There are 2 protein chains.
Amino acid sequence: MMELTRKGEYAIRGIVYLAGRPLDKVCLLSDIAAAVDVPPTFLAKIFQQFSKIGLVKSFRGTGGGFMLGRPPEKITLLEVVEAVEGPIVPNRCVAKIPDCERSNSCNVHPVWKRVQDEVRGALEAVTLKELVSEE
Amino acid sequence: MMELTRKGEYAIRGIVYLAGRPLDKVCLLSDIAAAVDVPPTFLAKIFQQFSKIGLVKSFRGTGGGFMLGRPPEKITLLEVVEAVEGPIVPNRCVAKIPDCERSNSCNVHPVWKRVQDEVRGALEAVTLKELVSEE
DNA sequence: ATAAAAAAGGATATAAACTGTCTTTTTAGG
DNA sequence: CCTAAAAAGACAGTTTATATCCTTTTTTAT
Ligand code: SF4
Ligand code: SF4
């Protein structure tokens, strides 16, 4: 239960790698994919999603590639995960559009709300800066 | 991401309902299913899993049915969820048999460990006793 | 202009997981 | 023996996950 998908895992690996590269240079998708051991075509889809919400900037054509959209300390793990996995929703009664008519009287509901808050909090507390391996 | 399945949701509803019934009487599966609005055949599978690990006691034949295996205050939500969904594993590097060769040097790994602990903690802190609607 | 590089977008394919149903078997009571 | 009820196993439809392939668009270099 509650398992991150490959897509989410790949997304993190990819953007963390990018955050560890010189921030003023573009990075080839194929290089990132090779470095973090992810199928390039799959990673392409992921970075397209990143690009749409500005997490990364993309440049097409010769000399193109990807750059981080913001400084690493301004990007949280929560953003990265939600970019590709959607919102953190441990049960559908805590989704934005809740889907359970029992939620008013249900004693379990607040537990899921709590779980949601804690997970979001844990992921939001971590930025890409802290995730790049410093040595 | 991290969504409880129907099975998990049904499991909770079912056993919470059972915990709210007279504890010394057996309860028909069909009655539970009707009360919590779950497909009876599906709930049957769930209660079979409960029965195997002693969360509920089952009685076959005429006059049979289900009873709670332990007092409601001795059954945590975590047990119920893990009984049907398996262990809480937000990423496969925090599973019992970890499945990532990077986990030694990975900075993301401890985050998932933390998430796992917090979710488990939140679910373990709640027992069936607190979940039955008292009125 | 043209050719090449690189990302964007779309269609497709396979496998796995989820959500159930159906049938048969076992157990217990009357 | 007959009936009630759970256990067990097989099966099927749907959805999600995990990719891959191909074409298009954009940009740069020659
Ligand atoms: S936990 Fe309660 S409110 Fe949430 S889906 Fe289940 S029944 Fe509905
Ligand atoms: S978070 Fe790190 S250790 Fe965990 S699966 Fe991803 S790379 Fe491996």
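Convention: sequence-line order gives letters A, B, ...; per-chain numbering from 1. Every heavy atom of this structure was used, including side-chain atoms; hydrogens, water molecules and symmetry mates were not. None of these values were measured; they are calculated from a predicted model.
Between B:Glu9 and A:Arg102 there is no salt bridge, since no side-chain nitrogen of the basic residue lies less than 4.0 Å from a carboxylate oxygen of the acidic one.
Side-chain atoms of B:Glu73 never come within 3.5 Å of backbone atoms of B:Thr127 as a donor-acceptor pair (strictly under, hydrogens ignored). With hydrogens and angles disregarded, a donor-acceptor distance shorter than 3.5 Å links the side chain of A:Gln116 to the backbone of A:Ile88.
One interatomic measurement links the two molecules: CZ of A:Phe50 to P of C:dA8, which rounds to 12 Å at whole-angstrom precision. Rounded to a whole Å, the CD1 atom of A:Ile32 is 8 Å from the P atom of C:dA7. A straight line from CD of B:Gln48 to P of C:dT27 spans 14 Å, rounded to a whole angstrom.
For the residue pair B:Trp112 and B:Pro90, the shortest heavy atom distance occurs at O-CG, 3.6 Å.
Residue contacts for A:Ser30: at a heavy-atom cut-off of 4.0 Å it reaches no nucleic acid atom on any strand shown. Residue contacts for A:Phe47: at a heavy-atom cut-off of 4.0 Å it reaches no nucleic acid atom on any strand shown.
Within a 6.0 Å radius of CZ in B:Arg92, more than 12 heavy atoms belonging to other residues, nucleotides or ligands are found.
Where DNA chain D meets chain B (any atom under 4.0 Å from a heavy atom), the bounding nucleotides read 5' to 3' are D:dT3 to D:dG9.
A distance of 5.0 Å separates CD1 of B:Ile32 from CG of B:Leu18, quoted to the nearest 0.5 Å. Distance CD/B:Glu79 to CD/B:Glu124: 8.0 Å, rounded to 0.5 Å. With rounding to the nearest 0.5 Å, the separation of OG1 in A:Thr76 from NZ in A:Lys129 is 15.5 Å.
In this structure, B:Gly61 and B:Lys52 both approach DNA chain D, and ranking their closest nucleotides by distance from the 5' end singles out B:Gly61.
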Next on the checklist: Please encode protein proximity along nucleotides 10-22 of chain C as a string of B, S and -, counting only heavy-atom distances under 4.0 Å.
Outcome noted: B--------SSB-

